[in-house]
Amino acid sequence: MTEHNHPGDSQPMRVRFGPSPTGITHLGSARTALYNYLLAHQTGGQFILRIEDTDQKRYDPNAEEDLTQSLKWLGLQWDEGPDVGGEYGPYRQSERKQLYLDVAHELIDKGHAFYCFCTREELDKQRKEQQAKKEKTRYKGTCRNLSKEEVQRRLDNGDEHVIRFKMPMEGTTTVTDRLRGEITFENQYLDDYIIVKSNGLAVYHLATMVDDHYMKVTHVLRGEEWIPTFPLHARIYRAMGWEEPEFVHLSLFLKPSGKGKMSKRDTEAMKASGESIFIRDMKGLGYLPEAILNWVVLMGWSYDDQTEFFTMEDMIEKFSLGKLNPKNAAIDFKKLDHFNGLHIRNLAVEDLAERLKPFLAEAGYTDVDQDVLLAVTPLLQPRLTTLDEVVDWVPFLFDEEVTPNAESLVVKKLTPEQSLDLAQAVLAVVENAPSMTHEDIEQPLRQLAEDKELKAGQVFGLLREAVTAQRVSPPLVESMDILGKDECVARLRKAIIILENLVKNGANNE
RNA sequence: GCCCCCAUCGUCUAGGGGACCAGGACGUAGCCCUUUCAAGGCUAAGACCGGGGUUCGAAUCCCCGUGGGGGCACCA
C-alpha cells in the first residue's frame, strides 16, 4: 500500500484530459475528466483539454463536438483547450507535429532513438515467425545500428521510414504509479516502439509525453490500459532529462456482468434495454448530470464508510488521490437510478420543472401551463427515478380529453350499480365542498365511506379513475386541487354517464 | 503464448496487524406509513478466492497457486 496523501497534493495541479476524437464520449472518459476537474478545482490548478488526434485514419469529425457537448452538459468546463486557448497551446496534437519531430530528432542525436526503414511486410513476417516459435515479439533490431552514412543515404534517397525508441536489451525499468507503487519491467520484454510514423506524425507515446512536459502537467490520470507502455513513457522523459509528472492509472470500467470491457456489441444490447454508457444518450434517458457524476465518482473512489451523496461542491472539497481504488469496477445502472432519484429530490422545484419540460415536449406537451407544472412538480419529485417518467404521471393534467375506463370505474367488491350510486354520492360531496383542499374535501369523503360502510380506498379509487383516468397518479386530493373544483365536477359527471351506460348495457346483456 | 495489473457480500465499497463473530450503499425480502404509485423509517439474508508462511495476534504483511482484467499495431 502506498501512502494516502503526498506532500504535493495540496499544490496547484495542472491536469489534462486527452481524448482522441474517434468515438462517442462514454462513462470512462467522463470519470477521468471528472477526476481531473476535481483536482484542478480543489488545488486551484488548471484543467486542460487536449485533443489527441494523431490518428487520421480513425478520426471522426463528429467526435470532438460530442465530446465538448458532453463535458459541458456534465458541468466539466476546462480552463485551457482548443476553443478557449491558453498559454501552452495549441491544444490539438495535429497542430503540434513539429514539436514532436524536434524531440524525436533530439532523441536520435542522443542515441535514444533511431530511423527504421523496415517495411510493414518484413515486420509482419518477423512477428509471425516469432509467434510461431512462441518467442517474445520484439523488433529484431535490423535498423538499430545503421551507420550514420547509411541512414543519411537512405534518407536522401527518400526511403520510407519511421522513428523508433531504442529500448535497452537488458536490465529493467522501474516506474511509479500512484496507486500501485513501483512496477518493474524487464527491458527484454519491451520493444523498440515506433514513436514517429512514416507519415511524420508522432504516435501517442511520444506526442503525449512531449505535450505533458511542455504543458507543465503535474499529474497524469489515465486508464490502466496504459501500464504496459508506461516504461516507454518514463524512458522518454528520462532520455530527455525532464522531470516526470505523477502518474495515476485508474481502474477500468467493466460491463455490468463484470466480464470484460464494454464492446460495441454490449453498447448496442444496452440500448435495447434502455441503458447506455454514452453521455449524450444518458441525457435523453432522463438522467441528471449531477447523478451521473455522483455515481461515477464512486466507481474507483470513496470518501469514508458512510457518505455517498455528493454535489459538485462536495466532490471538489472531498476528492483525494489517496482514496482511489485500483480494482476494476462493473457498471451498475441500478445504482445510477438510485442517485438520480436522490438528485431529483435535491433539486429546487423550479429547477426540476424546467428540466422536465423537454421530456414533456417530447411527448407532445409543448405548451404546458407553467402554474400547473409548478404545482405538480413537488408531487412528482419523490416519485421520479428518471426525468422521462414525468410523461407517465401527468396526462390527466395536460390532455384535452380525459376518459376514464368503464371497467376501472367499477369499485372493488361493488357492482356497477353500487359504483354508480357511490359516484353520485361522491359528486355531491365534491359539489358541496368549498374547495378541493385537504381540509375541505378529505374528511367529507372519509365520512361518506364510513356512512356507506366502505373502505376509504374504495371511494378514493373510484374518484381517482374518474378524475385522472390513470392507474397511478400523484396524490389524489392535491391533484384535484390543481385541476380545480369545476374540472373535477365535470370529470365526475362524465364518469357517471360512463357508469350509467355500463349499467344499461350490462342489463341488456343479461 | 508472453508481459503486466487486480482480488472483501450479486454489485460499488470501508478496512493501513489487535478497535472486525468485517461497516456502509445499491439491489433483494419482510414490516411500518399509506386513497394508487413513490418517497421515508425499521429489520433480515448476504463477503474477507485457496494454500503456505511472518507474528502472541492477519481481511490487513510476504510467497505460491487460482480466478478476473488489461496489453502485446506505423490505434489511442
Side-chain angles (χ1 to χ4, degrees), chain A residues 1-4 18-20 22-23 52-55 57-58 116 120 123-124 127 130-131 133-138 160-164 177 179-180 183-186 188-191 193-199 201 203-205 207-208 222-231 249 251-252 254 256 258-261 295 298-309 323 325-339 341 345 379-385 392-393 442 445-446 449 455-465 468 470-477:
Chain A
M1 258 298 177
T2 49
E3 345 163 21
H4 272 186
S20 70
T22 54
E52 310 207 334
D53 56 349
T54 53
D55 183 0
K57 284 195 217 80
R58 294 198 309 156
C116 173
R120 290 171 215 252
L123 262 16
D124 285 344
R127 200 171 10 247
Q130 286 170 330
Q131 277 166 350
K133 286 193 244 169
K134 302 204 166 166
E135 288 171 359
K136 54 184 180 254
T137 51
R138 175 169 180 158
E160 191 172 87
H161 62 275
V162 298
I163 298 175
R164 289 179 182 270
D177 169 65
L179 278 69
R180 298 157 242 266
I183 306 171
T184 298
F185 294 76
E186 287 192 51
Q188 60 164 322
Y189 296 119
L190 271 18
D191 206 345
Y193 301 95
I194 290 171
I195 54 177
V196 176
K197 296 179 259 193
S198 56
N199 65 6
L201 252 176
V203 299
Y204 169 92
H205 307 298
T208 298
R222 42 148 52 162
E224 154 186 294
E225 71 266 28
W226 293 110
I227 293 179
T229 44
F230 192 5
H249 291 94
S251 64
L252 267 20
L254 270 24
K259 302 229 176 289
K261 288 207 294 189
W295 176 50
L298 287 171
M299 293 177 67
W301 175 79
S302 61
Y303 176 60
D304 58 20
D305 63 347
Q306 298 292 327
T307 323
E308 285 206 333
F309 181 86
K323 297 281 264 175
N325 183 333
K327 192 190 166 189
N328 291 169
I331 295 167
D332 180 9
F333 288 102
K334 284 276 175 50
K335 193 134 187 177
L336 202 217
D337 285 343
H338 170 249
F339 280 120
R345 275 163 248 142
L379 305 180
L380 264 23
Q381 203 155 18
R383 274 163 256 265
L384 295 176
T385 297
D392 299 333
W393 291 92
E442 187 172 356
L445 285 170
R446 285 185 187 280
K455 291 213 158 106
Q458 292 173 292
V459 174
F460 287 112
L462 171 69
L463 192 49
R464 166 170 282 105
E465 182 63 30
T468 71
Q470 290 176 197
R471 204 172 60 257
V472 298
S473 81
L476 223 211
V477 176

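Note that this is a predicted model, so its numbers are computed, not measured.
- Under the rule for a side chain to side chain donor-acceptor pair (under 3.5 Å), the partners of A:His205 that lie at least two apart in sequence or sit in another chain are A:His233.
- Nearest heavy-atom pair, A:Val459 versus A:Leu445, reported as atom, atom and distance to 0.1 Å: CG1-CD2, 4.1 Å.
- At a threshold of 4.0 angstrom between heavy atoms, the contacts of A:Ile183 are confined to the sugar-phosphate backbone, with no base atom among them.
- As judged by a 4.0 angstrom heavy-atom cut-off over every strand, A:Gly341 is placed among residues making no nucleic acid contact.
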How would you summarise protein contacts on nucleotides 68-76 of chain B per nucleotide, using B for base, S for sugar-phosphate only and - for none, with heavy-atom distances below 4.0 Å?
-SBSSSBBB
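- Both A:Phe339 and A:Thr184 lie close to RNA chain B; mapped to their nearest nucleotides by heavy-atom distance, the more 5′-ward contact belongs to A:Thr184.
- Taking a cutoff of 4.0 Å between a charged side-chain nitrogen and a carboxylate oxygen, A:Lys334 and A:Asp337 do not qualify as a salt bridge.
- Distance check on atom P: B:C48 versus B:A59 gives 11 Å, rounded to whole Å.
- Only the P atoms considered, B:U54 is 34 Å distant from B:U13, to the nearest whole Å.
- Note on A:Glu308: a base of the nucleic acid sits closer than 4.0 angstrom, heavy atoms only.
- Proximity of A:Lys327 to the phosphate of B:U8: a side-chain N or O atom is located under 4.0 Å from OP1 or OP2.
- Look at the P atom in both B:G23 and B:U35: the space between them is 37 Å, to the nearest Å.
- For B:U34, there is no paired base (Watson-Crick or G-U wobble, both distances below 3.5 Å).
- A:Met299 has its CE atom 7 Å from the C1' atom of B:C12, to the nearest Å.
- Under the Watson-Crick or G-U wobble criterion, with both distances below 3.5 Å, B:C2 is paired with B:G71.
- Residues forming a ring pair (Phe, Tyr, Trp, His ring centres under 6.0 Å) with A:Trp301 (at least two apart in sequence, or on another chain): A:Phe310, A:Phe319.
- At B:U8, none of the side-chain N or O atoms of A:Asn325 fall inside 4.0 Å of OP1 or OP2 (strictly under the cut-off).
- Heavy-atom distances to RNA chain B give each of A:Pro256 and A:Thr307 a nearest nucleotide, and the one nearer the 5′ end belongs to A:Pro256.
- Residues that satisfy the salt bridge (charged side-chain N to carboxylate O under 4.0 Å, His left out) test with A:Asp55, not counting sequence neighbours, are A:Arg58.
- A:Phe230 comes within contact range of no nucleotide atom at all, as no heavy-atom separation falls under 4.0 Å.
- Straight-line distance from the CD1 atom of A:Ile227 to the C1' atom of B:C5: 5 Å, rounded to whole Å.
- In this structure A:Arg471 satisfies the side chain to side chain donor-acceptor pair (under 3.5 Å) test with no other residue, sequence neighbours excluded.
- For A:His161, the ring pair (Phe, Tyr, Trp, His ring centres under 6.0 Å) criterion is met by A:Tyr115, A:Phe117, not counting sequence neighbours.
- Here B:U28 sits opposite B:A44 as a Watson-Crick or G-U wobble pair (both hydrogen-bonding atom distances under 3.5 Å).
- As rounded to whole Å, 15 Å separates atom P of B:G27 from atom CZ of A:Phe333.
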Sugar-phosphate means primed atoms, P, OP1 and OP2; the rest is base. With that split, encode nucleotides 33-48 of chain B 5' to 3' as B, S or - using protein heavy atoms under 4.0 Å.
--BBBBSS--------
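- For A:Asp305, there are no salt bridge (charged side-chain N to carboxylate O under 4.0 Å, His left out) partners, not counting sequence neighbours.
- Judged as a salt bridge (charged side-chain N to carboxylate O under 4.0 Å, His left out), and not counting sequence neighbours, the contacts of A:Lys335 are A:Glu308.
- Remark: A:Arg345 pairs with no residue by the side chain to side chain donor-acceptor pair (under 3.5 Å) rule, at least two apart or across chains.
- The nucleotide whose nearest atom lies closest to any side-chain atom of A:Ala329 is, among B:A25, B:A14, B:C12, B:C12.
- With a cut-off of 3.5 Å on both Watson-Crick or G-U wobble distances, the partner of B:A14 is given as none.
- Of all non-hydrogen atoms in A:Met299 and A:Ala330, the two that sit nearest each other are CE-O, 3.8 Å.
- Ion pairing of A:Lys136 with A:Glu186 is absent here, as no side-chain N (NZ or NE/NH1/NH2) approaches a carboxylate O to less than 4.0 Å.
- Here the P atom of nucleotide B:C4 and the NZ atom of A:Lys136 are 12 Å apart, to the nearest Å.
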Below 3.5 Å between N/O atoms, which protein atoms pair up with nucleotides 28-30 of chain B? Just atom names and distances, please.
none

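- Listed by chain and residue number, A:Ser473 satisfy the side chain to side chain donor-acceptor pair (under 3.5 Å) test with A:Arg464 (two or more places apart in sequence, or in another chain).
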